[in-house]
Amino acid sequence: MLDINLLREDSQAVARALADKGDAKAVQETIGIVLMMDGKRRQVLQHTENLKAERNRSSEEIGKAKRRGEDAPEQMTRMREVSDHVKQLDADLKEMGAQILHLLQELPNLPHPSVPAGKSDADNVEVRRWGTPREFPFAPRPHEEVGEALGMLDMERAARIAKSRFAVMWGPLSRLSRALAQFMLDLHTREHGYTELWVPQMVSAETMLRTGQLPKFEDSLFKTVEADEGRTLYLIPTAEVPLSALHAGEMLTEATLPRRYTAFTPCYRREAGTYGKDMKGIFRNHQFDKVELVKIATPATAFDELESMVQNAQTVLERLALPYRVVERCIGDLGFSAEKGYDVEVWLPGQGKYREISSCSSYGAFGGRRGDIRYRPAGGGRPEFCATLNGSGLAVGRTIVAVLENYQEADGTVRIPEALGPYMAGIDRLTPRR
RNA sequence: GGAGAGGUGGCCGAGUCGGCCGAAGGCAGCCGCCUGCUAAGCGGUUACCCGGGCCAAAACCUGGGUCCAGGGUUCGAAUCCCUGCCUCUCCGCCA
């Protein structure tokens, strides 16, 4: 959520900055309405506060009179009217405030000036590349073929017991999944300074609102059905949701910042509107595992924290010897809440492309304001909103895809990356089961 | 599932028969004094949010709101009533 003061001070600058991020006209319009309503609300607010001041004064006088043993019937009658009036005005104010808040929440974050221009992911800017894609003496196959040939990836039975876009992994492949998650968590907690958390995988509608998932992305969430409709729980689409909601409404002390959290959870996504896209295998499924990284920092350090977070994600791929590139997302591809962000894309020989395996974003104070996470500055002074960041470190499902494709051999076997040695109980190669 | 207790400032905690309570006291923080260092001690100070004034901004002044949340009673609610959420204790039950 943007700071409304930004709009009051220079709405044109905000409108210009947001022009490329969404529907420029709609944004312009929203800003106009917000300012109009804000002005009106403040007028009513002043009026109301004057009445309240009068009421407070009067009530005090009445109190004093009563203690003297006197009575003040006329005053009480008059204040009764004032009170009724105030009640009505308060209700109006509440309504106006809610509307303004609602509109404010529809405005996306301002892109940082360093973010490259552009409309879609096609305009993202490659910032670095690591590793050399392996030369195959045969045509490398896509992961679903490799997995199915191994007899370890079973999309058919998964579709039968659930529906399409679900998977069953057998034996050593299943173990590979677990090994990858374990490896990533160990890396981030032991070497990158993150604290591992175990969090709810279902959260309240309120939490979904506070983390920006609702109302916009209702279509892409799975929700549960409960007897009490008011308490519907949603399955998390990413651990970012519970992690970034963790300190909602809290006041942190600067000395404890930045907080670096990581959590391994399944993620559930409806993937509505993606029919026909990445239909094969486990690249885009309704359920997948992910190790998530979340940071809560001071706004001043947010960009440094973003850079180190990307580095943390890269390290996972480097240890697994998987070639990747990093692109900086352009304004159009930045997303609603981000002020700056990078995607890490892993090389997939089966597709002959680099594909996203991690997305790291800095939300800045926009995230802290929306989630109401503040900190008290070290030297004292007024509380400030924290900056929030998040990134994948990494999506386990897609890492499996990358391993299957990059480590496949002509004979249909798949080698296990060396870094996973300690986690695979001596298995160094996946060989077809019979 | 049954019975009871409770949710107060960064933290702990007091709030009597509704008014003099944004709230005693403590801890922690900050400023100053003192002290070879440290520890201790002494004095002062510190809630948050939103308007308005002033204004480049802060400070400051001023008004309002906030004692889990939402309603209600009342001239006036941290204090009374209702609902919800959460926590704790005891009993039962299940793992």
Side-chain angles (χ1 to χ4, degrees), chain A residues 1-10 13 34-104 199-200 202-210 226-234 242 245-257 259 296 298-299 365 368-386:
Chain A
M1 190 170 68
L2 290 176
D3 186 349
I4 193 169
N5 286 311
L6 239 52
L7 298 186
R8 287 180 187 153
E9 280 158 21
D10 194 351
V34 166
L35 286 177
M36 195 260 292
M37 293 187 67
D38 179 52
K40 190 172 154 208
R41 195 189 77 94
R42 280 192 287 176
Q43 267 186 355
V44 177
L45 184 62
Q46 277 188 50
H47 182 216
T48 309
E49 289 185 348
N50 287 338
L51 288 179
K52 284 183 179 176
E54 189 191 341
R55 184 182 66 184
N56 288 346
R57 243 181 288 118
S58 225
S59 291
E60 194 162 337
E61 284 169 20
I62 293 169
K64 279 179 185 159
K66 293 241 171 173
R67 249 172 292 127
R68 283 195 303 266
E70 298 164 15
D71 211 353
E74 322 79 29
Q75 216 168 0
M76 280 168 65
T77 313
R78 196 151 46 79
M79 281 311 108
R80 185 190 312 245
E81 281 166 26
V82 170
S83 248
D84 286 347
H85 192 187
V86 163
K87 202 168 283 183
Q88 181 55 48
L89 289 172
D90 268 343
D92 294 348
L93 283 171
K94 196 176 164 188
E95 175 61 25
M96 284 190 268
Q99 283 180 22
I100 291 168
L101 182 69
H102 188 78
L103 288 171
L104 263 184
V199 294
M202 291 186 241
V203 301
S204 65
E206 198 201 334
T207 296
M208 284 297 187
L209 277 168
R210 200 133 52 165
E226 302 211 35
D228 179 358
E229 215 177 291
R231 311 225 68 205
T232 301
L233 293 174
Y234 292 79
L246 195 65
H247 293 296
E250 291 186 27
M251 179 95 72
L252 308 173
T253 41
E254 183 171 355
T256 67
L257 300 178
R259 305 280 183 108
I296 299 170
T298 61
R369 194 173 297 108
R370 180 174 59 198
D372 189 22
I373 309 170
R374 293 179 297 167
Y375 71 97
R376 195 177 288 283
R382 309 172 71 76
E384 313 245 4
F385 286 110
C386 295

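Letters A, B, ... are given to chains in the order of the sequence lines, protein chains preceding strands, and every chain is numbered from 1.
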Looking at residues 40-55 of chain A, who's got a heavy atom less than 4.0 Å off RNA chain B?
->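 When residues 40-55 of chain A is checked for heavy atoms under 4.0 Å from RNA chain B, the hits, listed by number, are A:Arg41, A:Arg42, A:Leu45, A:Gln46, A:Glu49, A:Lys52, A:Ala53, A:Arg55.
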Does the structure show a Watson-Crick or G-U wobble partner for [N], both distances under 3.5 Å? Name it, or say none.
N      : answer
B:rG76 : none
B:rG51 : B:rU62
B:rA24 : none
B:rU38 : none
B:rA3  : B:rU89

Check every strand shown and say whether [X] touches a base, only sugar-phosphate, or nothing at a heavy-atom separation below 4.0 Å.
X       : answer
A:Lys66 : base
A:Arg57 : nothing
A:Ser58 : nothing
A:Met79 : sugar-phosphate

Could you tell me the separation between the [atom1] atom of [X] and the [atom2] atom of [N], rounded to a whole number of Å?
X        : N      : atom1 : atom2 : answer
A:Ile373 : B:rG10 : CD1   : P     : 16 Å
A:Asn5   : B:rC49 : CG    : C1'   : 13 Å
A:His85  : B:rC75 : NE2   : P     : 18 Å
A:Met251 : B:rC68 : CE    : P     : 17 Å
A:Asn56  : B:rU62 : CG    : P     : 16 Å

Answer whether the closest heavy-atom distance between the side chains of A:Leu103 and A:Met37 falls below 4.5 Å.
->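 Side-chain contact under 4.5 Å: yes.
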Taking the side chain as C-beta and beyond, is there a heavy-atom pair between A:Glu54 and A:Arg78 under 4.5 Å?
->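 Yes - at least one pair of side-chain heavy atoms lies under 4.5 Å apart.
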Could I get the full list of side chain to side chain donor-acceptor pair (under 3.5 Å) partners for A:Arg42, not counting sequence neighbours?
->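 Checked A:Arg42 against side chain to side chain donor-acceptor pair (under 3.5 Å); matches are A:Asp38.
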Every protein N/O lying under 3.5 Å from an N/O of nucleotides 20-24 of chain B:
none

If you take all heavy atoms of A:Arg376 and A:Met251, which pair is closest and at what distance?
->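 Scanning both residues completely, I find the closest heavy atoms to be NH2-CE, 3.7 Å.
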Can you name the closest pair of heavy atoms from A:His247 and A:Ile373 and give their distance?
->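 Shortest heavy-atom contact: O-CG1, 3.7 Å.
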Which nucleotide in the set B:rG51, B:rG76, B:rG71 lies at the smallest distance from any side-chain heavy atom of A:Arg8?
->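 The closest nucleotide is B:rG51.
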B:rG64, B:rG51, B:rC48: which one has an atom nearest the side-chain heavy atoms of A:Pro383?
->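 Out of B:rG64, B:rG51, B:rC48, the nucleotide with an atom closest to A:Pro383's side chain is B:rC48.
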Does a donor on one side chain sit under 3.5 Å from an acceptor on the other, for A:Asn56 and A:Glu60?
->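 Judged by distance alone, the side chains do not pair up.
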If each of A:Asp38 and A:Arg374 is mapped to the nucleotide of RNA chain B with the nearest heavy atom, which maps nearer the 5' terminus, i.e. the 5' end?
->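 The residue closer to the strand's 5' end, by nearest nucleotide, is A:Arg374.
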Is a salt bridge present between A:Asp372 and A:Arg210, judged by a nitrogen-to-oxygen distance below 4.0 Å?
->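 Salt bridge absent between A:Asp372 and A:Arg210.
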Taking atom P in both B:rC17 and B:rA3, what distance in whole Å separates the two?
->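 Here B:rC17 and B:rA3 have their P atoms 27 Å from each other.
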